[in-house]
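Take a look at the structure set out below.
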Amino acid sequence: MSLISLLSRTKLYWGLIAIFLIGVFGSPISSKGNNIFLSYGNLLDVLRQVSTTGLIATGMTAVILTGGIDLSVGSLMAICSVVCAMLLTVPGVTPSAALGVPTTALVALCLGALATRFILLNIEKSRAGAQAGREVRLDKARGLVIPGVVGVVLCCLSLWYLLPQVETKFGVLGVLLVAPCVGLLFGTINGFIIVAGRLQPFIVTLAMMVTALGIARLTAGQNNAVLPVYTGSNATADFEILRSLVFGVVPMPGLFFLGAVVIYGAVLRFTPFGRYVYAIGGNEEAARLSGIAAGRVKIATYAVSGLLAGIAAVLYVAQYRQGKPDAGAGLELDAIAAVVIGGTSLMGGRGSLIGTFCGVLIFGLLSNILQLHNINSNLQLVLKGAIIIGTVLVQERNAGDFLSYLRLPGGRTAQKETAAAKRPSQETSSL
């Protein structure tokens with residue numbers, strides 16, 4: 001492998017290193033002579049701040065890999081933050097409880113049944129052998145009865161755990177169970193409409209973005225623009241653990257983000273589901289003809305995107321001590337930008353979660369550097385937009401075409417014209 005080829009394949013990491021070095025050498029110095037950017041507290045703040053966007057971007061990566069897009073994740077995070085804050089602070093049958101508890105029971109029922117059937121089907125396939133794997137069918141007991149019983153049991157267990165908390169207030173585990181389930185339900189609805197209705201993901205998720213925002217406002221109530229959460233006062237003191245440092249080293253939101261990247265990254269890299277995601281993004285029709293259940297895979301990616309938006313909402317409430325209907329405004333754009341900066345193609349079929357991880361860090365470090373230098377917030381937006389465009393041009397290898405269009409040196413057209421001008425002179429000299 002040549003040096004140029006190696007640099008081209010690792011350009012994302014070099015970009016992250018370059019941003020980090022700019023932060024190091026351009027950092028302000030504290031009164032004690034310490035580098036503020038390199039301080040442990042500042043780097044922890046960067047990880048804490050990017051965790052919410054990072055969780056959203058993690059789910060968005062798989063969606064974009066299939067050739068789709070999810071514009072609703074910001075609104076889904078908003079509605080989940082309202083549900084989380086209200087469950088923590090308001091006892092009794094509230095709109096959040098009426099939405100969250102039945103949703104959790106439904107999700108437990110469906111996931112329990114689907115997971116059990118999946119396990120039994122794969123056990124039967126392994127017994128039948130690789131050649132007969134696709135023709136395997138389960139009998140009525142294993143295909144319907146047993147999965148249904150398992151689903152009902154999980155549904156009853158979830159209700160047994162959650163219903164007593166409705167009359168008091170929910171704890172940490174309760175909101176960590178309910179809010180992600182709400183996000184998962186809305187994400188599944190997105191995927192189902194896209195697949196069953198054969199509609200463009202842009203249109204469906206745009207409609208869901210508006211719908212979820214309206215539901216969030218209705219759930220919060222007209223007089224509740226913000227739902228404050230004070231741990232130890234109007235909410236359980238245990239909720240503070242979600243904004244603490246684990247072993248005094250890693251912030252809890254950062255641990256959720258890193259865990260999501262590792263787990264989902266392993267799924268995309270080492271499982272058939274991950275191979276199906278890339279195959280659908282590369283050529284969906286070919287994937288269907290090869291026997292891949294493209295519709296189910298796409299629904300699953302949108303469901304996971306909603307699930308991670310729900311987890312991000314709980315962490316948002318823990319960090320900012322509030323839930324509000326506009327909590328995720330614009331967050332979907334930040335997540336898409338991080339995914340694209342990380343090298344994932346918007347056309348689908350190309351990208352990785354490690355790239356998204358680097359893209360999220362680049363975005364976070366850039367924001368931190370601009371804040372340390374007290375750059376005007378409006379100018380920060382302009383600089384971020386320019387950097388996103390430049391990064392995407394490099395990632396998509398279209399920088400040469402862009403320079404050619406502007407007739408600037410270094411463009412492909414300029415290089416061709418120079419080569420064409422040299423060719424006659426070379427021919428004349430040879431004669």
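- One distance of note links OG of S39 with NZ of K32; it measures 12.0 Å at 0.5 Å rounding.
- Between the side chains of S27 and N35, at least one donor-acceptor pair of N or O atoms lies under 3.5 Å.
- Judged by distance alone, the side chain of S81 and the main-chain N or O of G323 form no donor-acceptor pair under 3.5 Å.
- Within the 4.5 Å cutoff, side-chain heavy atoms of K298 are placed close to those of I280.
- Residues A318 and L242 share a closest heavy-atom pair of CB-CB, 3.6 Å.
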Identify all side-chain donor-acceptor contacts of residues 369-376 below 3.5 Å with residues at least two apart in sequence or on another chain.
residue	atom	partner	partner atom	Å
H373	NE2	G26	O	2.6
N376	OD1	N378	N	2.8
N376	OD1	L379	N	3.4

Which donor-acceptor pairs under 3.5 Å do side chains of residues 87-102 form with protein atoms, sequence neighbours excluded?
residue	atom	partner	partner atom	Å
T89	OG1	A85	O	2.7
T94	OG1	A97	N	3.2

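- Contact detail for G364 and V50: the closest heavy-atom pair is CA-CG1, 3.4 Å.
- Note on residues 40-87: no pairs pass ring-ring contact (aromatic ring centres under 6.0 Å, His included), not counting sequence neighbours.
- Applying the side-chain hydrogen bond (donor to acceptor under 3.5 Å, both in side chains) test to pairs two or more places apart or on separate chains, those with a residue in residues 56-65 are T61-T356.
- Every pair tested for ring-ring contact (aromatic ring centres under 6.0 Å, His included) that includes a residue from residues 88-123 fails, sequence neighbours excluded, so the list is empty.
- D334 pairs by the side chain to side chain donor-acceptor pair (under 3.5 Å) definition with nothing, not counting sequence neighbours.
- Looking at I69 and E332, their side chains never come closer than 4.5 Å, going by heavy atoms from C-beta outward.
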Let me see the working for L245 and R48 under side-chain contact (heavy atoms from CB on, under 4.5 Å), right down to the final yes or no.
CA-CA 10 Å; L245 293 177; R48 187 187 298 273; 3.8 Å; yes
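- In terms of heavy atoms, I56 sits closest to A309 at CD1-CA, 3.5 Å.
- The CD1 atom of I36 lies 5.5 Å from the OG atom of S30; values are rounded to the nearest 0.5 Å.
- Residues Q322 and Y316 are in side-chain contact: their nearest non-hydrogen atoms beyond the backbone lie under 4.5 Å apart.
- Looking only at side-chain heavy atoms (C-beta outward), P251 and L47 come within less than 4.5 Å of each other.
- For the pair C84 and F239, the tightest heavy-atom approach, listed with the atom from each and the gap, is SG-CZ, 4.2 Å.
- The two residues I336 and M60 come nearest to each other via the heavy atoms CG1-CE, 3.8 Å.
- Note on residues 156-168: no pairs pass side-chain hydrogen bond (donor to acceptor under 3.5 Å, both in side chains), not counting sequence neighbours.
- The salt bridge (charged side-chain N to carboxylate O under 4.0 Å, His left out) test applied to R321 returns E240, not counting sequence neighbours.
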Evaluate the criterion side-chain contact (heavy atoms from CB on, under 4.5 Å) for residue pair L16 and L365; output intermediate values, then yes/no.
CA-CA 9 Å; L16 179 59; L365 290 173; 3.8 Å; yes
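- The closest side-chain heavy-atom distance from I146 to T116 is below 4.5 Å.
- Remark: N42 pairs with N368 by the side chain to side chain donor-acceptor pair (under 3.5 Å) rule, at least two apart or across chains.
- Two residues are said to be in side-chain contact when any heavy atoms from C-beta on lie closer than 4.5 Å; I119 and R142 fail this criterion.
- Within the 6.0 Å centre-distance limit, the rings of F37 and F20 are counted as a close aromatic pair.
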side-chain contact (heavy atoms from CB on, under 4.5 Å) between T205 and Y302, worked out
CA-CA 10 Å; T205 57; Y302 285 95; 4.1 Å; yes
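- Within the 4.5 Å cutoff, the side chain of V82 has heavy atoms near those of the L227 side chain.
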In residues 255-276, what donor-acceptor pairs under 3.5 Å come from side-chain atoms, sequence neighbours left out?
residue	atom	partner	partner atom	Å
T271	OG1	V267	O	2.3
T271	OG1	G274	N	3.4

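- When all heavy atoms of C155 and L109 are compared, the closest pair comes out as CB-CB, 4.1 Å.
- The ring pair (Phe, Tyr, Trp, His ring centres under 6.0 Å) check on F363 picks up nothing, with sequence neighbours excluded.
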Using atom types as modelled, flag every donor-acceptor pair under 3.5 Å from a side chain in residues 175-203 to any protein atom, sequence neighbours excluded.
residue	atom	partner	partner atom	Å
T188	OG1	L184	O	2.7
N190	ND2	S72	OG	2.9

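- With hydrogens and angles ignored, the 3.5 Å screen pairs no side-chain donor or acceptor of D326 with any backbone N or O of A329.
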